Amino acid sequence: SHASDEKRIRFASELSALEKEIHTARHRAREHLDRLAVQRMVPAESFCSYAKIIVEENMALERHIIEETISRAPEILVRLRSHTVWEKMSVSLCFTVQGFPTPVVQWYKNEELIFPASDPTKYRIESKYGVHVSISCSDQTLLCAKYNLLVLKNALIFSCIVPLSYDVCFTHIDVQFLEKFGVTFATEGETLTLKCSMLITPELKRLRPRAEWYRDDVLIKDSKWTKLYFGEGQAALSFTHLNKDDEGLYTLRMVSRGGISECSAYLFVRDADALIAGAPGAPMDVKCHDANRDYVIVTWKPPNTTSESPVIGYFVDKCEVGLENWVQCNDAPVKVCKYPVTGLYEGRSYIFRVRAVNSAGISRPSRPSDPVAALDPENQILNGFPSLAQELICCLTLVTFINLTGHVQIPGPPTNVHASEISKTYVVLSWDPPVPRGREPLTYFIEKSMVGSGSWQRVNAQVAVKSPRYAVFDLAEGKPYVFRVLSANKHGISDPSEITEPIQPQDTIVLPSAPGQVVATRNTKTSVVVQWDKPKHEEDLYGYYIDYSVVGSNRWEQSNHKPIKYNRFVVHGLETGEKYVFRVKAANAVGLSENSQESEAVTVQAALSKCGSKGFSQLYYCMVEPNRKSPVSAPCWSTIYLLKYPTNKISVQDQLFNLQWESFMLSERLCSNSRVANFLVACPSYPHGITLLNCDGHSMTLGWKAPTYSGGSPILGYYMDKREANHQNWHEVNSSLITRTIYTVKDLTEDAFYEFKVAAANLIGIGQPSDPSEHFKCKAWTMPEPGPAYGLTICEVRNTSVVLLWKAPVYEGKSPITGYLVDYKEVDAEDWITANEKPTSKRYLKVTDLHEGHTYVFKVRAVNDAGAGKSSEISEPVLVEERPGTKEIYSGVDDEGNIYLAFECKEATDASHFAWGKSYEEIDDSHKFKIETEGNHSKLYFKNPDKSDVGTYSISVSDTDGVSSSFVMDDEEFERLMALSYEIKNPTIPLKSELAYEVLDKGEVRFWIQAESLSPDSTFRFVINDKEVENSDRHKINCDRPNGIIEMVMEKFTIDNEGTYTVQIQDGKAKNQSSLVLIGDVLAESELQRKEFLRKQGPHFSEFLHWKVTEECEVLLSCKVANTKKETDFKWYKDGSGVEVVELPDLQKGECHLSIPKVLYHLPITNYSFCKSASPLKILCTEEGIRLQCFLKYYNEEMKVTWSHRESKISSGEKTKIGGGEDVAWLQIREPTEKDKGNYTFEIFGSKESYKRTLDLSGQGIFLRSDLYYRGKVIGGLPDVVTIMDGKTLNLTCTVFGNPDPEVVWFKNDKTFEIDEHYAISLEQGKYASLTIKGVTSEDSGKYSIHVKNKYGGETVDVTVSVYRHGEKMPEIKPGQLAKPRPIPPSEEVLKPQAK
């Protein structure tokens, strides 16, 4: 860079000396011509000194008048010169210029136009009598800068370098990179900035390192496509419009006398989406070579094709600089990446672009080439100095004319005619101009002849060639040609040149061969190193393309999009843990080679490093030093310091602000000694949308929109400037910060026009000001309609909808505002559409039914009783299209049971602020809400959620491209979250089954409960009648935690053990309990099972004695026995006396039978004379048991009667009940057992005598076969009422009994129901019946019934289920009552015994 500066300065000095010589020669030539003119006007004989003087004076005066009135280009008489000054000194830059009309002079600093009115205290520009002066005042720091001078009217540009004066000494400068740019992926058309923040030690303003950016080791300079920045501890390279030409390895080198510090990373630029599906990517690296007056060669590099069809050719387009009219140069696609463009106009500059063509269509155009002028090479040097070109050419022509020797008129023939480039479709001829060439301009004619034809054909008969080069097209393929050239001027045509050697059009280069073996090795978690063998012939290669594919997918992706020249490449952007294969192809001017063989599959994992995992962390604090006097017209970057200890205050804008310092970690690796810190701050961007909101004739209220980007620090306020229309100077409105986006400007002149601009300020300084507003007239508003709404913001842009937010007008009109109307239209449309038919009272609206991919603008009008008022400022155009990766707000409940709304924004920066709102009003109620933001995640917590929290919630993220979202919290969603929160805050251990019991074979009672799962730390306890029991011999307690089963076995169940049983379980924070009420039947069942167990230890009856009447009217007594042996003895007894049996028992079947011919029952009657009115006692089987009946002619309850059992008087109760009717008296025995056997006596007492009727039931088959014992029964303890929370699983379990086994049917509200996933019914071992309802809801409330029935009858038990909702307090568990069974009559009549 230093050498190039010296070369440029040396060239400028030589050019200045040449200009001075030309000026002297021109002056002498003019004097010589004047003397000749005087001699012609005054005859020689009358020539005298006096006449000579008079003529010369008249001619000089006439020449001066003429010269002053004719137009001539500006001429610099005194140039700018370089100045070396001390800091804060004033400096004056002077020069003198002349020309007619008077030239317009503009001053530039570092290519930026200087406006003295913008900062009159810094610059002052003067112009007197052609002397122009620019003065930089001493109260500002004068940086080393380059000042340019532009003189309009045949523009003239000169430069002056103004450096700071300092002595350069050897100083070691240490540069440590704090934040490096990494591997970056982008797409064509995007903008991108590569940044590096660094710590420079020592930091000297007069001695700083030089920042140099390189792409593939080529130095990058400021251009249309790249912008460089270095200052305030940061170096940046910005791309204004990315193309594949920008892809490559970028290196930042910080060069100082102490050495070079550098960092590098690769930038990948993908193809933009093709305009036509399947079209190839755009070509790249378009360059121009061998430019002449009417001819230039354009070259480019071919694009890579993976899934697209191969490229079959290219179209080359040209455009004249300054115009936008692109013209296609070739009619048919050219197949080689090189094309000679002819037909250019001499002296004009052109740019070129290329488009690729395949079978699907045409690609996007490439990036335009650099401008090239259609000039001969000897004139190209003057192309960079257009201001001098005309004058120097004229002067050089004059000198040439004076010094020209010889008087040649017809030029000679050209020499050295040869083919400089040979292609399959054209041949480029070159030659040397003739010597001598004559004084007149030359043109050339080219002639061709096919070898052996003997005839010549002029190639350019219509167009004269002025350059000594020409491309000849329309040649027959494979045929040799010879050529010759003729030169011509206005005097004639020369003889032909010598004939060239035979030239045959053919391609001199061919497609490259495929690269050799490809080897892929691990590198990092997201990259792989790929190496390959070069093809045999690599002289004409442009480079290589690398493709990769996931193993098994057969889908290839491009790694690099611009050919690389080396045979080793790091492929980035891969997925960790995935397997990939790679392939390579070579590229040259003809196209792409065949693909190489695929590499071996490699898994993307980090390679082992020498450093291992060593490293350490250092805690730092960050302090920001702002520039308090930063100019409003440019952004200001702060100085960033890393300190070991924090400071408390820092000065900004002459005010003190307390800072809460946040520590951050700078990770430092031992192996690289590099530090990384993600911290960067800047001034905010400019505000926009300045709107007049109210005016009273002496003041104006203005509103505006906040900057899009805060610069990494919160915006503290705004500064406003004003000026009257047509005035140059701006005046400050406020000296202290405006903290809102609305302000009233006072002390204005009525009926005057004003314009305003606003600049935002943060901790770093003042950002760029907004564009000046439109001219606002200071005239009082008196209209009845309201003023405009302001602050119109568009957010939540989706495929078919957007959300609009705005602020209420300041001027309401003559009546209050009643609502707002929202209008919208497409950008190109004329008519506005009103989104809402009725005005909305809210200050936000979601506009729907928009067309995806269309661009709209919006405005808002406030409405009052007088009508609709002024519309707001029209919004910026909005493309209605959902951005890829758009996130939405989602709801949830954390581990503590707190309800929250969450949002994730990957685009968020350290400066981004997540603004939550309800009904699009920012939330600031800390009593109801809490906001937590960490990185790119933000959560809104509800502290005390209630019904008032239902509504629309929104979020917007600052310092992003309008990232926003909303969430509607309706009643259903609120109830869901509340239920989930309640479950988490009051966790319940899920149960597979509630507490149940079963009677074991030995009469033991087992209580058990099963949970879904239990951790090893879970605890439980059994409570019986409010007393906890522990594991003992009497209560054997066990817990199977893996299966979630808790059980307790009671060895002997007594009447003292009846009551309420409860199991309480706790597992962490989760709890649950289940209770069971046991009264009555459990004891009897337990005793029965115990007796049965003991009985079954020896021979026993498996079926008890029963009887039936045969067809022969005999009574057949039968029973079944089990556990018998050969020596087992069977005996029959009647009234204690043995009975001889002829039929032996069947031991195989275990059956015993006894046939009785006839059975008689007798009733002993004491007073036979009174038997006429009382019938014998009769047995009747009823639903409840056995009923003994005595029929009378007359009976009422006032008659004195008694019933006796075994001479013991019977009273009416639960077991036995006494009653009667008009002609019958009866005794009801409920559920008879063995104890109820014996004699029963019915006695009627008259006035003098009593009458008895007796029935003996002892040992009679009718009693043993009673349906009261063998009918279906419900023995287990079903509660009468069950209360349960919705969402739980309800299990109703009971024990059933009957012989034969009863049929079990469940009913809901006296109706059967279908068995599905919700309802499950089971019957285990023929005696454990259960109904399970999974996930109970309020619809499951009601009456559930179990019917247990066999041929002897049965029972029905009803259970009432009540379901309470989530969030309600769990009811206290109280001892319940057993449901009372209702009897079911037998399905067939039971035989009754005869009376005796």
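Since the model is a prediction, treat every value here as computed from it, not as a measurement.
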**Whether over 12 other heavy atoms sit under 6.0 Å from F315 CZ** = yes
**Prompt:** Is it true that D317 and R355 make a salt bridge, defined as a side-chain N closer than 4.0 Å to a carboxylate O?
**Reply:** yes
**Complete:** A586 and P535 have their tightest heavy-atom pair at CB-CG, 4.5 Å
**Message:** Tell me whether K338 forms a cation-pi arrangement with W300, defined as NZ or CZ under 6.0 Å from the six-membered ring centre and within 45 degrees of its axis.
**Reply:** no
**Request:** Measure the CZ-CG distance between R348 and L323 for me, rounded to the nearest 0.5 Å.
**Result:** 8.5 Å
**Request:** Go through the side-chain N and O atoms of S238 and T193 and say whether any donor and acceptor fall under 3.5 Å apart.
**Result:** yes
**Asked** Near D216 CG, under 6.0 Å, is it more than 12 heavy atoms from other residues, nucleotides or ligands?
**Response** yes
**Any donor-acceptor N/O pair, S965 side chain to I889 backbone, under 3.5 Å** = yes
**Request:** Applying ring-ring contact (aromatic ring centres under 6.0 Å, His included), run through F967 and Y953 and close with a yes or a no.
**Result:** CA-CA 5 Å; F967 181 87; Y953 292 84; 7.7 Å; no
**Considering all heavy atoms, the nearest V604-S527 contact** = CG1-N, 4.0 Å
**Prompt:** When you look at CD of E882, are more than 12 heavy atoms from neighbouring residues, nucleotides or ligands closer to it than 6.0 Å?
**Reply:** yes
**Request:** Please answer whether the main-chain N or O of A272 pairs with a side-chain N or O of T187 as donor and acceptor at a distance below 3.5 Å.
**Result:** no
**Message:** Taking side chain to side chain donor-acceptor pair (under 3.5 Å) as the definition, give me every residue that meets it alongside E934, ordered by chain and number, with sequence neighbours left out.
**Reply:** none
Side-chain donor-acceptor distances from residues 822-830 under 3.5 Å, at least two apart:
residue	atom	partner	partner atom	Å
D823	OD1	T834	OG1	3.0
D823	OD1	R861	NH2	3.2
D823	OD2	R861	NE	2.7
D823	OD2	R861	NH2	3.1
K825	NZ	A829	O	2.9
E826	OE1	H854	ND1	3.2
E826	OE2	H854	ND1	3.0

**Asked** Which one of R270, K244, E247 satisfies the side chain to side chain donor-acceptor pair (under 3.5 Å) criterion with H561?
**Response** E247
**Request:** Enter the distance from S553:OG to K579:NZ here, rounded to the nearest 0.5 Å.
**Result:** 13.5 Å
**Short side-chain to backbone donor-acceptor contact, S685 and Y709, under 3.5 Å** = yes
**Asked** For Q597, does the CD atom sit with more than 12 other heavy atoms under 6.0 Å from it, leaving out its own atoms?
**Response** no
**Asked** Can you tell me if CD on E190 sees more than 12 non-hydrogen neighbours from other groups inside 6.0 Å?
**Response** yes
**Message:** Tell me whether S875 contacts the main-chain N or O of V857 through its side chain, where contact means a donor paired with an acceptor under 3.5 Å.
**Reply:** no
**For S264 against F181, the heavy-atom pair lying closest together** = C-CE1, 4.1 Å
**Asked** With S549, which of N554, V581, T306 fulfils side-chain contact (heavy atoms from CB on, under 4.5 Å)?
**Response** V581
**K287, NZ atom: more than 12 neighbouring heavy atoms under 6.0 Å** = no
**Prompt:** Checking R364 side chain against D271 main chain: does a donor-acceptor pair fall under 3.5 Å?
**Reply:** no
**Request:** Flag the pair Y266 / F569 as yes when their ring centroid distance falls below 6.0 Å, and as no otherwise.
**Result:** yes
**Complete:** Closest heavy-atom pair, V584 versus V518, reported as atoms and distance to 0.1 Å, is CG2-CG2, 3.9 Å
**Request:** Of all the heavy-atom pairs spanning S964 and E796, show the shortest one and how long it is.
**Result:** OG-N, 2.6 Å
**Request:** Return yes if a side-chain donor-acceptor contact under 3.5 Å exists between S966 and S954, otherwise no.
**Result:** no
**Asked** Could you state the interatomic distance from NZ (K301) to OH (Y542), rounded to the nearest 0.5 Å?
**Response** 8.0 Å
**Asked** Among side-chain atoms of E212 and Y214, is any donor-acceptor pair under 3.5 angstrom?
**Response** yes
**Evaluation steps, side-chain hydrogen bond (donor to acceptor under 3.5 Å, both in side chains), between T299 and H289** = CA-CA 8 Å; T299 62; H289 307 274; 2.9 Å; yes
**Asked** Is E594 atom CD crowded by more than 12 heavy atoms from other residues, nucleotides or ligands, each under 6.0 Å away?
**Response** no
**Request:** Classify the ring geometry between F914 and F903 as parallel (under 30°), tilted (30 to 60°) or perpendicular (over 60°).
**Result:** perpendicular
**Prompt:** Please walk me through it: do D547 and N304 pass side-chain hydrogen bond (donor to acceptor under 3.5 Å, both in side chains)?
**Reply:** CA-CA 9 Å; D547 302 331; N304 188 14; 3.1 Å; yes
**Request:** Give me the ring orientation class for W532 and Y544: parallel if the planes are under 30° apart, tilted from 30 to 60°, perpendicular past 60°.
**Result:** perpendicular
**Asked** Would you say the side-chain atoms of S956 pair up with the backbone N or O of V963, donor to acceptor, closer than 3.5 Å?
**Response** no
**Request:** Give a yes or no answer on whether the side chain of S307 reaches the backbone of T305 with a donor-acceptor pair at less than 3.5 Å.
**Result:** no
**Message:** Taking D246 first and then R367, would you say they form a salt bridge - that is, a charged N and a carboxylate O separated by under 4.0 Å?
**Reply:** yes
**Item:** Shortest non-hydrogen contact from P283 toward V354
**Value:** CD-O, 3.5 Å
**Prompt:** Counting distance only, does the side-chain N/O of N330 pair as donor-acceptor with the main-chain N or O of A332 below 3.5 Å?
**Reply:** yes
**Message:** Against the six-membered ring of W213, is R253 placed for a cation-pi contact (under 6.0 Å from the centre, within 45° of the normal)?
**Reply:** no
**Message:** Is it the case that atom CD in E852 sees more than 12 heavy atoms from other parts of the structure closer than 6.0 Å?
**Reply:** yes
**Item:** Any donor-acceptor pair under 3.5 Å from N560 side chain to I546 backbone
**Value:** yes
**Request:** Apply the test side chain to side chain contact (heavy atoms under 4.5 Å, CB included) to residues L242 and W225: give CA-CA distance (whole Å), side-chain angles for both, the deciding distance (0.1 Å), then the verdict.
**Result:** CA-CA 8 Å; L242 280 171; W225 311 109; over 6 Å; no
**Message:** Looking at N567 and Q531, would you say the former's side chain and the latter's main chain have a donor-acceptor pair under 3.5 Å?
**Reply:** no
